[in-house]
Amino acid sequence: MGHHVGEHKAKKGLIRIEFDEENGVAEHVRITGDFFIHPEETVNELEEALEGHRVEELEAVMDEFFSMRLDVEMPFVNVEDFKIALKKAVKGD
């Protein structure tokens, strides 16, 4: 089991994604930082969406999540910022 952490400094805020990997599957996904997102429960919903997926599928799951959530507001932060943090976590940067 490995622990992955990735951080990315977006235009207005830090995004930190961490998860444990067990047999290639993401577990205990946590997304933290000092960014603004509304509705606030979006972060928990994204964590749940990523949970239980194979590590190599996480970016696609994230894309699909945000493509379905047209109600999400993230001033000065975008989906690419989240994906950069995710990629860093996967690679172990």
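Side chains are part of it too, since the values below use all heavy atoms of this structure and drop only hydrogens, waters and symmetry mates. Just so it is clear, the model here is predicted, and its values are computed rather than measured.
The NE2 atom of His8 sits 4.0 Å away from the CG atom of Asp81 when rounded to the nearest 0.5 Å. We find the CD1-CD1 distance between Ile84 and Ile15 to be 8.5 Å, quoted to the nearest 0.5 Å.
Here the shortest heavy-atom pairing between Met74 and Val79 reads CE-N, 4.0 Å. For the pair Arg54 and Asn23, the tightest heavy-atom approach, listed with the atom from each and the gap, is NH1-O, 3.3 Å. Scanning both residues, Ala10 and Phe76, for their nearest heavy atoms gives CB-O, 4.2 Å. Among all heavy-atom pairs drawn from Leu86 and Ile17, the shortest one is N-CD1, 3.7 Å.
When side chains are defined from C-beta on, Phe82 does not count as touching Val43, because their heavy atoms never get closer than 4.5 Å. A 4.5 Å side-chain heavy-atom check between Glu18 and His3 finds at least one atom pair inside the cut-off. When side chains are defined from C-beta on, Lys83 counts as touching Asp63, because their heavy atoms get closer than 4.5 Å. Under the 4.5 Å side-chain criterion, counting only non-hydrogen atoms from C-beta, Asn78 is not in contact with Phe66.
Side-chain atoms of His4 come within 3.5 Å of backbone N or O of Ala89 as a donor-acceptor pair.
For Lys9, the NZ atom sits in a packed shell: over 12 heavy atoms of surrounding residues, nucleotides or ligands are nearer than 6.0 Å. For Glu27, the CD atom is densely surrounded, since the number of other residues' heavy atoms within 6.0 Å is greater than 12.
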Please tabulate, one pair per line, all N/O donor-acceptor pairs under 3.5 Å involving side-chain atoms of residues 28-41, not counting sequence neighbours.
residue	atom	partner	partner atom	Å
His28	ND1	Asp20	OD2	3.0
Arg30	NH1	Glu47	OE2	3.3
Asp34	OD1	Leu14	N	2.3

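Both Leu46 and Val55 belong to a common hydrophobic cluster when Ile, Leu, Val, Met, Phe, Trp and Tyr are linked at side-chain heavy-atom distances under 4.5 angstrom.
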